[in-house]
There are 2 protein chains.
Amino acid sequence: MISSREDAHLREELVSSGEVLQGSFLKVLRDSVVLPDGKAATREYVVHPGAVMVIPLLEGSDAPTRVVLERQYRYPVQRVMIEFPAGKLDSGETTLECAQRELFEETGYRAGQWAKAGVIHPVIAYSTEFIEVWFARDLVPGPSQLDSGEFLEVFDAPAVELITACLEGQVTDAKTVAAALWLQHYMAGTWSPAWHTAV
Amino acid sequence: MISSREDAHLREELVSSGEVLQGSFLKVLRDSVVLPDGKAATREYVVHPGAVMVIPLLEGSDAPTRVVLERQYRYPVQRVMIEFPAGKLDSGETTLECAQRELFEETGYRAGQWAKAGVIHPVIAYSTEFIEVWFARDLVPGPSQLDSGEFLEVFDAPAVELITACLEGQVTDAKTVAAALWLQHYMAGTWSPAWHTAV
């Protein structure tokens, strides 16, 4: 029942494409397309290289599991947001390499084990962005390596507290709320990813 | 521990703002800001009116709860996506009015009871967009009222099947995956929203 097959009767076909903004950060294309009924339409969207998000687990043998989070001011929404570590793919980088780099740069942690949870599309109406979601565990702390001009705070909290904060509205970043669904099922033992030892 | 207080030491302050794109669909601003260390930086972002998403519940007295979903081609990601009904706020409209309008227009359903779940921010790095999330129940079916040029299919599926599809990767729309966290806890009885009778 739940499938996302590529139905021809819903598809829109490209006619021509043009760049309408090459900003210092955002690139926007405007495409002419043909709708399923043969009529013409315009589609404008941000071109994005893709990103990764990391769910870093601090699993103690006799303590509740904690997660590593960040507090960062996000200018477009004019507030400090609580989020899992995340960042854009660099050219030529695999998603796992990106996950390892972003976790280390932003939090200082290196992880002994990694597991891919899935992928989400944060803004399907107007961006090509995807975010691949990775779990990380066996964490070894170290100093963060923030870029100049990058300001964020790293902290950790019980995983169950994060899930409650998503339900109750203290955490509203969509990628982090989506991550909480995998985290919820991981904690409950009702879903588990395939772990690999880091190279 | 988990709080999003507006820490002065993380804030970025506006210096000046300018429009760099007024497209047929996207409006983009470029602001000059001052970082917490006093240095200058540029922030580019999409200006969005905000949106709502509806989690429509088909609750039978002796059948598993089902949810109403849509399959829609999303051009920026070049695929048919499975999503909960959603749409942008019209000028002057409350979020509940928008939720009722979008549910009716896209699926034909009217709901007898409504409850706000929360809000998510889908793209905090480069858009002002927020999405308010509403549950709807006591659904009465009717014909959908799609705009010309709007193509989507409405279907329903067991709520537990949707949650599994999010975990396993058949559903990747971030707002719908985030919604599945509320749905999961609603179904389990570990979280419940405040229901109101529709006016």
Side-chain angles (χ1 to χ4, degrees), chain A residues 1-7 10-12 20-21 23-26 28 30 33 35-36 39 41-45 72-77 79-82 118-124 126-128 149 151 157 161-162 165-167 169-175 177-178 180-182 184-185 191, chain B residues 1-7 10-12 20-21 23-26 28 30 33 35-36 39 41-45 72-77 79-82 118-124 126-128 149 151 157 161-162 165-167 169-175 177-178 180-182 184-185 191:
Chain A
M1 176 69 85
I2 295 190
S3 76
S4 51
R5 56 208 151 81
E6 296 299 303
D7 308 61
L10 294 172
R11 272 194 83 84
E12 300 168 358
V20 290
L21 178 67
S24 47
F25 176 66
L26 293 181
V28 177
R30 180 183 301 153
V33 304
L35 298 179
K39 290 186 178 159
T42 297
R43 296 287 179 252
E44 280 178 357
Y45 56 98
Q72 184 173 9
Y73 188 75
R74 292 298 203 159
Y75 186 82
V77 293
R79 68 188 78 179
V80 172
M81 300 292 281
I82 293 165
V119 65
I120 54 175
H121 292 93
V123 54
I124 58 179
Y126 58 91
S127 173
T128 65
F151 300 88
E161 191 176 314
L162 171 72
C166 292
L167 292 170
Q170 288 88 43
V171 172
T172 66
D173 171 48
K175 69 180 180 298
V177 178
L181 180 71
W182 278 290
Q184 164 87 35
H185 283 264
W191 172 87
Chain B
M1 175 70 83
I2 296 189
S3 78
S4 52
R5 55 204 151 82
E6 295 300 303
D7 309 60
L10 294 172
R11 270 194 85 82
E12 301 169 356
V20 290
L21 177 68
S24 48
F25 176 67
L26 293 181
V28 177
R30 180 183 300 153
V33 304
L35 299 178
K39 290 184 179 160
T42 296
R43 295 288 178 255
E44 279 178 357
Y45 56 99
Q72 186 174 8
Y73 188 74
R74 292 299 202 158
Y75 186 81
V77 293
R79 67 187 82 180
V80 173
M81 300 293 281
I82 294 165
V119 64
I120 54 175
H121 291 93
V123 54
I124 58 179
Y126 58 92
S127 173
T128 65
F151 300 88
E161 191 177 314
L162 172 72
C166 291
L167 292 171
Q170 288 87 42
V171 172
T172 65
D173 172 48
K175 68 180 181 300
V177 178
L181 181 70
W182 277 289
Q184 163 87 35
H185 283 264
W191 172 87

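Residue numbers begin at 1 in each chain, while the letters A, B, ... track the order of the sequences.
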If you define the side chain from C-beta out and look only at heavy atoms, does anything of [X] sit under 4.5 Å from [Y]?
| X | Y | result |
| --- | --- | --- |
| B:Q72 | B:M81 | no |
| B:Y45 | B:V123 | no |
| B:T172 | A:H121 | yes |
| A:K175 | B:I124 | yes |
| A:R43 | A:R30 | no |

With a 4.5 angstrom heavy-atom cut-off, which part of [X] approaches chain A: side chain, backbone, both or neither?
| X | result |
| --- | --- |
| B:W182 | both |
| B:T42 | side chain |
| B:Q184 | side chain |
| B:V20 | both |
| B:L167 | both |

Selection from [options] maximising heavy-atom pairs under 4.5 Å formed with chain B:
| options | answer |
| --- | --- |
| A:V177, A:L162, A:L35, A:L181 | A:L181 |
| A:P76, A:A174, A:A165 | A:P76 |
| A:G118, A:A41, A:S127 | A:S127 |
| A:C166, A:P36, A:A180 | A:P36 |

*Roughly how far, to the nearest 0.5 Å, is the CG atom of A:L21 from the CD atom of B:E44?*
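So the gap between those two atoms works out to 6.0 Å.
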*State yes or no: are the ring centers of B:F151 and B:Y73 separated by less than 6.0 Å?*
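No, the ring of B:F151 stays outside the 6.0 Å limit from the ring of B:Y73, centre to centre.
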